[in-house]
Number of protein chains: 2
Amino acid sequence: MDVETRAQSFETALRRAGVRITRQRAALLRVLAAAEDHPDANQLHTRATEAGAGVSLATVYRTLTALEAQGVIVKLEFEGESARFEPADGLHHDHMIDVETGEVTEFMSERIERLQAEIAAELGFEIVRHRLELYVRRRK
Amino acid sequence: MDVETRAQSFETALRRAGVRITRQRAALLRVLAAAEDHPDANQLHTRATEAGAGVSLATVYRTLTALEAQGVIVKLEFEGESARFEPADGLHHDHMIDVETGEVTEFMSERIERLQAEIAAELGFEIVRHRLELYVRRRK
DNA sequence: TTGGTTGCAAATTCTTTGCAAAGCT
DNA sequence: AGCTTTGCAAAGAATTTGCAACCAA
């Protein structure tokens with residue numbers, strides 16, 4: 001799915017929820033749709049600005065909050081950093097962060113997911129959401 | 001292990017690392033040793049104050065930083081909350097947070113730990129540390 | 001003695017918010 | 001038109017830090 005198509009699908013999801021698509025939001029959706037990394041609010045603000053769209057940082061934050069509420073993006077909070085965001089592509093995954101380079105790798109394990117659910121169930125709970133982050137280092 | 005004994009072992013660990021045990025630190029160590037829950041800096045400050053020890057919030061933060069560096073306590077950062085701390089009792093464990101009550105339950109799964117290591121290894125990494133939090137709800 | 005430690009207030013960092021002007025639909 | 005959204009600057013919340021006075025070892 002190319003950037004424009006993805007941005008369009010984000011817009012559709014938002015309109016369906018009654019969220020207005022302003023010039024600022026359209027710009028942010030494109031920046032988000034194009035993000036290969038996991039940018040924070042500041043980076044998104046910079047990128048939107050560089051793309052020629054005037055957007056205030058306050059609006060970036062407000063829009064991110066709205067997008068997260070609609071399930072269009074996911075907020076990530078790694079240790080010692082400001083919040084980062086990634087487009088929600090449907091499939092859940094967890095993150096591995098290289099403590100030396102900062103590089104982020106996504107991964108997903110059905111087995112871990114299942115074990116988590118089992119553990120919660122044993123204690124009488126069901127999982128609402130979870131957070132799994134592996135802080136790693138390249139092996140020599 | 002009772003509170004006093006545990007506080008003493010904390011002190012010993014700190015002295016061994018060349019950290020001075022001031023009146024303020026001794027008071028905080030006792031508060032931490034007695035904590036059954038997972039208090040944040042503010043709560044620790046309040047408890048130390050109620051216990052009759054004059055400690056400033058800045059010192060609480062500075063001391064917590066030192067204790068964490070010595071591996072005596074562990075810092076927890078749950079979603080949407082300020083940092084909490086728990087005494088490090090040697091054995092690693094993860095946390096389950098009831099999103100309705102805020103209740104925190106500790107758990108540990110050798111199988112999940114092993115799977116995490118395997119996944120990291122497959123991608124050429126070794127785990128430095130990790131963070132696993134399950135946000136749960138009581139089952140009806 | 002003396003280098004680590006404290007308290008206080010000011011500074012930081014990230015994020016949120018009040019309000020009047022402006023913009024979607 | 002009507003209700004949402006924006007920008008700006010101010011407010012917040014959590015945590016850190018500069019500096020002079022203080023105190024463990």
Side-chain angles (χ1 to χ4, degrees), chain A residues 7-8 10-32 38-49 51-70 72-85, chain B residues 7-8 10-31 38-46 48-49 51-70 72-85:
Chain A
Q8 285 296 340
F10 285 170
E11 281 199 15
T12 306
L14 290 176
R15 280 185 206 282
R16 205 151 30 209
V19 174
R20 292 185 184 175
I21 305 302
T22 60
R23 173 180 57 74
Q24 292 86 335
R25 286 184 178 165
L28 280 171
L29 289 181
R30 267 152 196 76
V31 170
L32 278 163
H38 303 79
D40 62 20
N42 237 316
Q43 294 174 303
L44 290 167
H45 178 235
T46 301
R47 293 180 198 180
T49 302
V55 188
S56 72
L57 187 54
T59 292
V60 171
Y61 274 109
R62 275 188 285 229
T63 299
L64 289 172
T65 301
L67 300 189
E68 195 196 3
Q70 296 308 323
V72 167
I73 60 172
V74 174
K75 180 196 240 181
L76 307 174
E77 298 182 274
F78 299 150
E79 289 180 4
E81 305 182 5
S82 41
R84 298 170 173 232
F85 301 84
Chain B
Q8 285 297 339
F10 285 171
E11 280 198 16
T12 307
L14 291 177
R15 280 185 208 283
R16 202 149 34 208
V19 174
R20 292 187 185 175
I21 305 303
T22 60
R23 175 181 56 74
Q24 291 88 334
R25 286 184 178 163
L28 281 170
L29 289 181
R30 266 151 198 76
V31 170
H38 302 81
D40 63 20
N42 237 317
Q43 294 173 302
L44 291 167
H45 178 235
T46 302
T49 302
V55 188
S56 72
L57 188 53
T59 293
V60 171
Y61 275 109
R62 276 188 284 229
T63 300
L64 288 173
T65 301
L67 300 189
E68 196 197 2
Q70 296 309 322
V72 167
I73 61 172
V74 175
K75 180 197 241 181
L76 306 174
E77 297 183 275
F78 299 152
E79 289 180 4
E81 306 182 5
S82 40
R84 297 169 173 232
F85 301 83

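Model, not experiment: these values are computed from the prediction. Note on naming: letters A, B, ... go to the chains in the order of the sequence lines (proteins, then strands), and numbering restarts at 1 for each one.
Along DNA chain C, the nucleotide closest to B:Gly18 and the one closest to B:Ala58 are compared, and the more 5′ of them pairs with B:Gly18. Both B:Val19 and B:Glu77 lie close to DNA chain D; mapped to their nearest nucleotides by heavy-atom distance, the more 5′-ward contact belongs to B:Glu77.
Between B:Gln24 and C:dG7 there is a side-chain polar atom (N or O) within less than 4.0 angstrom of OP1 or OP2. In terms of phosphate contacts, A:Ser82 brings no side-chain nitrogen or oxygen within less than 4.0 Å of OP1 or OP2 of C:dT13. Look at B:Arg25 and you'll find a side-chain N or O under 4.0 angstrom from OP1 or OP2 of C:dT5. For A:Tyr61, no side-chain nitrogen or oxygen approaches OP1 or OP2 of C:dT16 to under 4.0 Å.
Looking at heavy atoms from C-beta onward, B:Leu28 lies out of side-chain contact with B:Arg25 at the 4.5 angstrom threshold. Residues A:Glu81 and A:His38 are not in side-chain contact: their nearest non-hydrogen atoms beyond the backbone lie 4.5 Å or more apart. Counting heavy atoms from C-beta outward, A:Leu29 and A:Leu14 have side chains that approach closer than 4.5 Å. Side-chain contact between B:Glu68 and B:Val74 is absent, with no heavy atoms from C-beta onward closer than 4.5 Å.
Of all the heavy atoms in A:Ile21 and A:Ala26, the pair that sits closest is CG2-CB, 4.1 Å.
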Under the criterion side chain to side chain contact (heavy atoms under 4.5 Å, CB included), I'd like the reasoning laid out for A:Thr63 against A:Gln24: C-alpha separation, chi angles, the key distance, then a yes or no.
CA-CA 9 Å; A:Thr63 299; A:Gln24 292 86 335; 5.7 Å; no
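Taking a heavy-atom distance under 4.0 Å as the criterion, the stretch of DNA chain D touched by chain B extends 5' to 3' from D:dA14 to D:dA25.
Whole-Å rounding puts the B:Leu14 CG to C:dG4 C1' distance at 14 Å. Distance, A:Glu81 CD to C:dC14 P: 10 Å, rounded to whole Å. Atom CG in A:Leu57 sits roughly 9 Å away from atom P in C:dT15 (whole-Å rounding). Here the C1' atom of nucleotide C:dC14 and the CG atom of A:Leu44 are 14 Å apart, to the nearest Å. Taking atom CG of residue A:Leu29 and atom P of nucleotide C:dC24, one finds them 14 Å apart after rounding to whole Å. The CG-C1' distance, from A:Asn42 to C:dC14, rounds to 9 Å in whole Å. Whole-Å rounding puts the A:Asp40 CG to C:dC14 C1' distance at 10 Å. Following rounding to the nearest Å, B:His45 (NE2) and C:dG7 (P) show an atom-to-atom distance of 8 Å.
Between the side chains of A:Thr46 and A:Thr49, no donor-acceptor pair is found at a separation under 3.5 Å.
Across all strands shown, B:Ala41 has no heavy atoms under 4.0 Å from either base or sugar-phosphate atoms.
In terms of polar N and O atoms assigned as donor or acceptor, the side chain of B:Arg62 never comes within less than 3.5 Å of the base of C:dG4 in a complementary pairing.
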